[in-house]
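Residues: numbered from 1 along the sequence shown. If you're wondering where the values come from, they're calculated on a predicted model, not measured in any experiment.
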Amino acid sequence: MFRLSCILSVMISLSSYVDCNPGPVEDIVVDRYSVPKRCIREVKNGDFVRYHYNGTFTNGTQFDSSYDRGIAFFGIVGQGRQIAGVDRGIMGMCINERRMITVPPHMAYGSQGAAETIPPDTTLVFDLLLLDVFNRADQVQTQVINTPENCTRSVLRTDFVRFHFNGSLLDGTKFDSSYDRAQTQDTLVGEGWLVSGLEQGLLGMCVGEIRSFIIPPFLAFGEKGYGKVIPPHATLLYDILLVDLHNPKDDITVEIQEVPKHCTRKSVIGDYIRYHYNGTFLNGVTFDTSYQRNSTYNTYIGLGYVISGMDQGLQGVCVGERRKITIPPHLAYGQHGAGKDIPGSAVLVFHIHVIDFHNPKDTVQVEVTFKPEHCNETSELNDVIVYRYNCSLLDGAVLFTSADYEAPQSVVLGADKVIDGLDEALAGMCVGERRTAIVPPHLGHGERGAGDVPGSAVLRFELEIISIQKGVPEGYLFVWLDESPAELFQALDMNQDSEVLLEEFSDFIKQQVAEGRGRLKPAQDPELVIGNMFKNQDRNSDGRITADELKLKVEEDTEKEKARHEEL
């Protein structure tokens with residue numbers, strides 16, 4: 001290319017000579033010996049340029065070099081700020097292009113030369129590397145590389161943003177990168193915290209969007225540059241990924257995604273709630289999830305046990321509801337973040353599934369789903385009842401069912417054999433009646449749970465009474481349903497021999513039960529119960545009861561209470 005340029009130059013010179021033109025006999029010679037594949041922009045008249053060069057004579061002797069000074073040349077093209085040959089030879093040059101420009105004397109320093117450095121009538125050779133070019137008419141050049149499909153909000157002035165970036169000069173030299181620091185750039189937009197060109201470029205961006213900005217020097221760091229990394233008059237190239245966006249005036253936003261058909265109650269301050277969640281940043285990256293731990297998050301609402309945005313977002317939910325809660329950092333973990341997982345000034349997004357909630361003051365909620373027309377008696381304390389049941393969590397997960405056993409469940413009400421809430425729910429039922437009961441954890445298995453029952457779980461029971469055996473008060477083996485005989489010992493002493501043996505005693509009690517005048521303690525062997533009753537009355541254990549030994553349990557209790565008061 002250099003030889004062809006020389007030939008063209010000679011041809012121009014000969015043409016001028018033949019025409020007897022008194023003009024110059026030589027022109028500049030341009031050798032574009034290294035041209036980049038992609039030309040971002042070509043130099044034109046009126047542009048500002050920044051370039052490095054080596055200046056030599058035609059014999060190779062160096063007379064000047066910007067490399068030696070460590071400062072690139074900066075000037076405007078076509079305004080006489082540099083020698084005419086270079087002014088002309090740099091036209092059309094691309095960033096990172098290298099040119100060898102041979103400048104004849106009349107387009108350099110002419111017959112006068114330049115002080116002692118350049119003799120008169122000297123041809124000069126400039127080896128140029130173009131680093132930068134811009135024009136005062138330039139604006140920020142923005143190229144959108146990728147935009148997310150769903151963008152409900154974009155950057156406005158006074159917003160706070162977090163973004164990742166790679167920053168380079170126009171020649172490709174990197175000056176900074178947030179990726180290298182593994183930390184986003186966090187800043188307010190429109191408040192002068194950034195160079196004006198970058199603030200302009202960020203406006204209108206969506207979270208997840210990628211843009212490339214070319215910012216001219218007068219919208220960047222200008223004639224002063226920045227430290228040692230950004231030289232004066234440098235055009236800057238930024239590749240930006242917007243990670244986060246909020247405004248300091250933002251409140252939480254709640255998007256209700258699914259609500260169950262039946263919602264009899266919504267959560268309020270003071271309730272205790274169990275929920276699953278996925279926690280992500282605005283860009284969709286997960287920072288935490290309860291599902292991986294296979295355990296709900298459990299907390300009180302509105303009492304400061306969780307971040308304030310979550311405290312707000314969990315109020316007014318239904319059991320089974322799913323909602324998306326977006327929380328700005330000032331209602332989450334603020335500018336300091338939380339540990340290694342949540343950076344400062346991060347907007348948090350929680351996808352919530354409410355499993356259940358209750359209030360520590362809640363009682364058992366009972367709904368009668370079927371009641372027979374005829375109900376002669378209902379279950380009560382100390383009764384033995386046989387019942388069927390299904391026990392599940394409020395999300396429908398089945399925990400226990402009597403269908404898994406050969407026979408229905410049997411229990412004495414009030415005997416502390418089942419959870420308190422179930423004891424309550426089974427009371428007052430008729431045979432054949434069906435109920436649904438909601439039992440809060442403080443009347444169930446508490447905050448620790450039991451077996452397959454999670455801690456602090458609200459339980460749902462479906463109940464049906466199969467049979468009822470009326471019971472006797474605690475501590476009793478037998479109760480009279482009618483008045484007891486006035487002369488009880490005489491009634492027991494059937495052969496009137498002034499003593500009652502076990503056989504007589506047993507026959508008498510069985511007769512009372514058969515005639516409906518008395519009732520034995522249910523759900524136990526009657527012979528065993530009667531035997532224990534006899535032992536209680538046979539106070540000297542001689543196998544017989546006398547009149548002096550016989551006392552009703554009521555009388556015994558009265559005497560004990562009287563003795564206790566006398567001791568006091």
Side-chain angles (χ1 to χ4, degrees), residues 148-156 159-162 184 186 206-208 242-261 263-339 341-359 393-395 454 456 458:
E149 293 183 3
N150 299 318
C151 179
T152 57
R153 176 176 177 178
S154 57
V155 177
L156 301 172
D159 281 344
F160 192 92
V161 297
R162 297 193 306 120
T184 56
D186 305 342
C206 302
V207 171
L242 188 64
V243 174
D244 206 338
L245 160 67
H246 77 278
N247 194 284
K249 297 180 181 179
D250 285 349
D251 199 352
I252 67 168
T253 58
V254 175
E255 178 185 339
I256 298 175
Q257 299 169 322
E258 181 183 338
V259 179
K261 292 181 180 179
C263 180
T264 58
R265 174 182 166 187
K266 294 185 177 182
S267 60
V268 296
I269 292 175
D271 282 345
Y272 192 85
I273 189 168
R274 297 192 312 122
Y275 62 94
H276 271 301
Y277 70 90
N278 282 319
T280 70
F281 302 117
L282 281 181
N283 59 7
V285 175
T286 299
F287 61 82
D288 192 15
T289 173
S290 64
Y291 294 98
Q292 286 187 351
R293 295 188 295 274
N294 195 30
S295 176
T296 57
Y297 191 86
N298 309 333
T299 187
Y300 285 98
I301 299 173
L303 301 181
Y305 286 90
V306 290
I307 55 176
S308 59
M310 185 62 78
D311 249 354
Q312 295 179 40
L314 290 173
Q315 294 178 37
V317 299
C318 300
V319 171
E321 182 175 333
R322 296 178 185 270
R323 59 170 54 180
K324 175 183 174 183
I325 306 171
T326 303
I327 304 176
H330 52 276
L331 297 175
Y333 293 99
Q335 62 182 356
H336 297 297
D341 296 323
I342 300 178
S345 302
V347 177
L348 306 182
V349 180
F350 290 91
H351 288 83
I352 299 294
H353 180 205
V354 179
I355 303 302
D356 65 36
F357 61 84
H358 72 281
N359 194 282
L393 301 177
L394 291 192
D395 64 357
S456 301
V458 178

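Among residues two or more places apart in sequence or in another chain, the side-chain contact (heavy atoms from CB on, under 4.5 Å) test is passed with T326 by T253, L282, K324, V347, V349.
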Going through the checks in order, is the side chain to side chain contact (heavy atoms under 4.5 Å, CB included) test met by R265 and N359?
-> CA-CA 11 Å; R265 174 182 166 187; N359 194 282; 3.5 Å; yes
Could you go through the side chain to side chain contact (heavy atoms under 4.5 Å, CB included) check for R323 and Y275 one step at a time?
-> CA-CA 11 Å; R323 59 170 54 180; Y275 62 94; over 6 Å; no
Any chance you could lay out the side chain to side chain contact (heavy atoms under 4.5 Å, CB included) test for Y297 and V306, step after step, and finish with the verdict?
-> CA-CA 10 Å; Y297 191 86; V306 290; 3.7 Å; yes
Assess whether side chain to side chain contact (heavy atoms under 4.5 Å, CB included) is satisfied between L394 and F357, documenting all intermediate values.
-> CA-CA 9 Å; L394 291 192; F357 61 84; over 6 Å; no
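The aromatic rings of F287 and F281 sit tilted relative to each other, their planes meeting at an angle between 30° and 60°. Ring planes of Y272 and Y300: perpendicular class, angle over 60° (limits at 30 and 60°). Ring geometry, F160 versus H246: the interplanar angle falls from 30° to 60°, so the pair is classed tilted.
Looking only at side-chain heavy atoms (C-beta outward), T299 and M310 stay at 4.5 Å or farther from each other. The shortest distance between side-chain heavy atoms of I342 and L348 falls below 4.5 Å. Using a 4.5 Å cut-off on side-chain heavy atoms (C-beta onward), L331 and I307 make no contact. At least one side-chain heavy atom of P454 sits under 4.5 Å from a side-chain heavy atom of L393.
Under a 3.5 Å cut-off, the side chain of T286 and the backbone N or O of N278 do not form any donor-acceptor pair. Looking only at distances, no side-chain donor or acceptor of T280 sits under 3.5 Å from a matching main-chain atom of F350. One N or O on the side chain of D356 and one on the backbone of V458 form a donor-acceptor pair closer than 3.5 Å. Without hydrogens or angle criteria, S290 side chain to T296 main chain gives no donor-acceptor distance under 3.5 Å.
None of L245, D251, D250 except one satisfies the side chain to side chain contact (heavy atoms under 4.5 Å, CB included) rule with N247; the exception is D250.
For Y305, the OH atom is loosely surrounded, since the number of other residues' heavy atoms within 6.0 Å does not exceed 12. Within 6.0 Å of CD on Q335 lie no more than 12 heavy atoms contributed by other residues, nucleotides or ligands.
Taking a cutoff of 4.0 Å between a charged side-chain nitrogen and a carboxylate oxygen, K266 and D271 do not qualify as a salt bridge.
Across all their heavy atoms, C206 and S154 have their closest contact at SG-CB, 4.3 Å. In this structure, R162 and P343 approach most closely via the heavy-atom pair NH1-CG, 3.5 Å. Residue D311 comes nearest to L303 through the heavy atom pair OD2-N, 3.6 Å, listed as atom of the first residue, atom of the second, then distance. Here the closest heavy-atom approach between residue C318 and residue V259 is recorded as SG-CG1, 4.2 Å.
Interatomic distance, R153 CZ to D159 CG, rounded to the nearest 0.5 Å: 5.0 Å. Put simply, CD1 on I352 and CD1 on I273 are 8.0 Å apart, with the number rounded to the nearest 0.5 Å.
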